[in-house]
Asks: 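For reference, the structure I am asking about is given below.
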Amino acid sequence: MSELVLDHDIDRSKMKVSNEIAIQIVKMNKWYGQFHVLRDIDMTVHRGERIVICGPSGSGKSTLIRCINRLEEHQSGQIVVDGTELTSDLKNIDKVRSEVGMVFQHFNLFPHLTILENCTLAPIWVRKTPRKEAEEIAMHFLRKVKIPEQALKYPGQLSGGQQQRVAIARSLCMKPRIMLFDEPTSALDPEMIKEVLDTMIELAEEGMTMLCVTHEMGFAQAVANRVIFMDQGQIVEQNEPKEFFNNPQSDRTKLFLSQIL
Ligand code: ADP
Ligand code: MG
C-alpha cells in the first residue's frame, strides 16, 4: 500500500457525517447508445461524507460522477442532489451546478486567463458577484491552496500540481456544498500528488462532502469514510476503508486490489 506522508496529522474528529442527505441516487441507469454503461446504481451520500470511488478503467466511475452534476444525462431512475431532482429542466441543472464543484484529471483552466481571472470568471458571470468582491473571494481561496503569489500568472506558467490547486480554488469560489473529484492526481508527477492531496484533506477536515474517484489508496485510508468499488457499470462492493482493504468480499474487488496495492 502506498504510504501517504502528510505535513500534518489528520483530524478525523472534524469530519462529521450528518443525517442530512446530500445526494440520493435510486436505480439509475445510463446508456451510451447501445452500451449500458451504468446499471441500477443506488447510492445515498450524507452531508460530510468523504467517499472514494475506485475500480478498473472503463467501469463507469467518471460517467457516474459526471451524471451527478449533469455533465452526462441518465436515462432511467433518479438522481437528487441537495433536494433537487436532475431532470431536463435547465433551472434545476443550473442550481445543481452552482452547488456542486468538480475537479478533473486535466485541470481545464482557461489558458488565456490569469489564475485570478480563472477564479473570478464564474462568480462574476454566473453568480453576478461584483468584481472586487469576486477577487477578494478568489484571493481567499488561492491563499487556502497556498498559491496566492501566482494570482497574476497564466496557467502555463504553473506546475501541474499548482494548476490543479488553482482548479480546486476555482471550484471553491462558487461556494459549493459538494465537491466531485475525477482522478485529480492521475496526471501529476509523484512529487506534486502530495500537495494536491493535502489540499483535499484540508477540505475534508472542514466538513466538505466529497466524492473522489482516485487510485490513491493511502488517501482513501486516511480520509474516506467509505470506499466504493465499481466494475462493469455496477457498484460491486462498498465498505469503510479498513474493512474494504483488509476484508474485501467479492472476487472482483480482491483481484482489483491485488493489482493496485
Ligand atoms: P472510468 O472512469 O471508470 O474509466 P468511464 O465512465 O469513463 O469509465 O467509461 C465507462 C465506459 O463508457 C467505457 O467503456 C467508455 O469507453 C465508455 N464511454 C465513456 N464515455 C463515452 C461516450 N461519450 N460515448 C460512448 N462511450 C463512452
Ligand atoms: Mg474515468
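Start at 1 and go down the list; that is how both ligands and their atoms are numbered.
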Asks: Cationic tip of Lys30 within the cone over Tyr32's six-membered ring, i.e. under 6.0 Å and within 45° of the normal?
Replies: yes

Asks: Quick one: look up the protein heavy atom nearest atom 23 (N) of ligand 1 and list residue, atom name and how far away it is.
Replies: Tyr32 CE2, 3.6 Å

Asks: Which value, rounded to the nearest 0.5 Å, describes the distance between Arg170 atom CZ and Met102 atom CE?
Replies: 11.5 Å

Asks: Starting from atom 8 (O) of ligand 1, what is the nearest protein heavy atom, named by residue and atom, and what distance separates them?
Replies: Gly60 N, 3.2 Å

Asks: When you measure from atom 6 (O) of ligand 1 to every protein heavy atom, which one gives the shortest distance, and what is it?
Replies: Thr63 OG1, 2.5 Å

Asks: Could you list which atoms of ligand 1 come closer than 4.0 Å to a heavy atom of Pro56?
Replies: 3 (O)

Asks: Taking 4.0 angstrom as the limit, do Lys194 and Glu191 come out as a salt bridge?
Replies: no

Asks: Between the main-chain N or O of Leu158 and the side-chain N or O of Gln163, is there a donor-acceptor pair closer than 3.5 Å?
Replies: yes

Asks: Quick check on atom 16 (O) of ligand 1 - does any protein heavy atom sit closer than 4.0 Å to it?
Replies: no

Asks: Could you tell me how the ring of Phe256 sits relative to the ring of Phe229: parallel (under 30°), tilted (30 to 60°) or perpendicular (over 60°)?
Replies: tilted

Asks: Going by the order shown, which atoms of ligand 1 are within less than 4.0 Å of some heavy atom of Ser57?
Replies: 4 (O)

Asks: Taking 4.0 angstrom as the limit, do Arg131 and Glu117 come out as a salt bridge?
Replies: no

Asks: Can you tell me the protein heavy atom closest to atom 3 (O) of ligand 1 and the distance?
Replies: Lys61 NZ, 2.7 Å

Asks: At the 4.0 Å heavy-atom cut-off, does Gly55 count as touching ligand 1?
Replies: no

Asks: Between Lys146 and Glu202, does any NZ, NE, NH1 or NH2 come within less than 4.0 Å of an OD or OE carboxylate oxygen?
Replies: yes

Asks: I'd like to know if Asp231 and Arg39 make a salt bridge, using a cut-off of under 4.0 Å between side-chain N and carboxylate O.
Replies: no

Asks: Give the residue and atom name of whichever protein heavy atom lies nearest to atom 10 (C) of ligand 1, and the separation in Å to one decimal.
Replies: Gly58 O, 3.4 Å

Asks: Charged N to carboxylate O below 4.0 Å: is that the case for Arg226 and Glu49?
Replies: yes

Asks: Considering only non-hydrogen protein atoms, determine which one is nearest to atom 14 (O) of ligand 1 and report residue, atom name and distance to 0.1 Å.
Replies: Phe35 CE2, 3.6 Å

Asks: Provide, to 0.1 Å, the distance between atom 7 (O) of ligand 1 and the closest protein heavy atom, together with that atom's residue and name.
Replies: Ser62 CB, 3.7 Å

Asks: Looking at the Mg ion (ligand 2), is one of the N, O or S atoms of Ser62 less than 2.8 Å from it?
Replies: yes

Asks: Considering only heavy atoms of Val37, which atoms of ligand 1 have at least one such atom less than 4.0 Å away?
Replies: 10 (C), 11 (C), 12 (O)

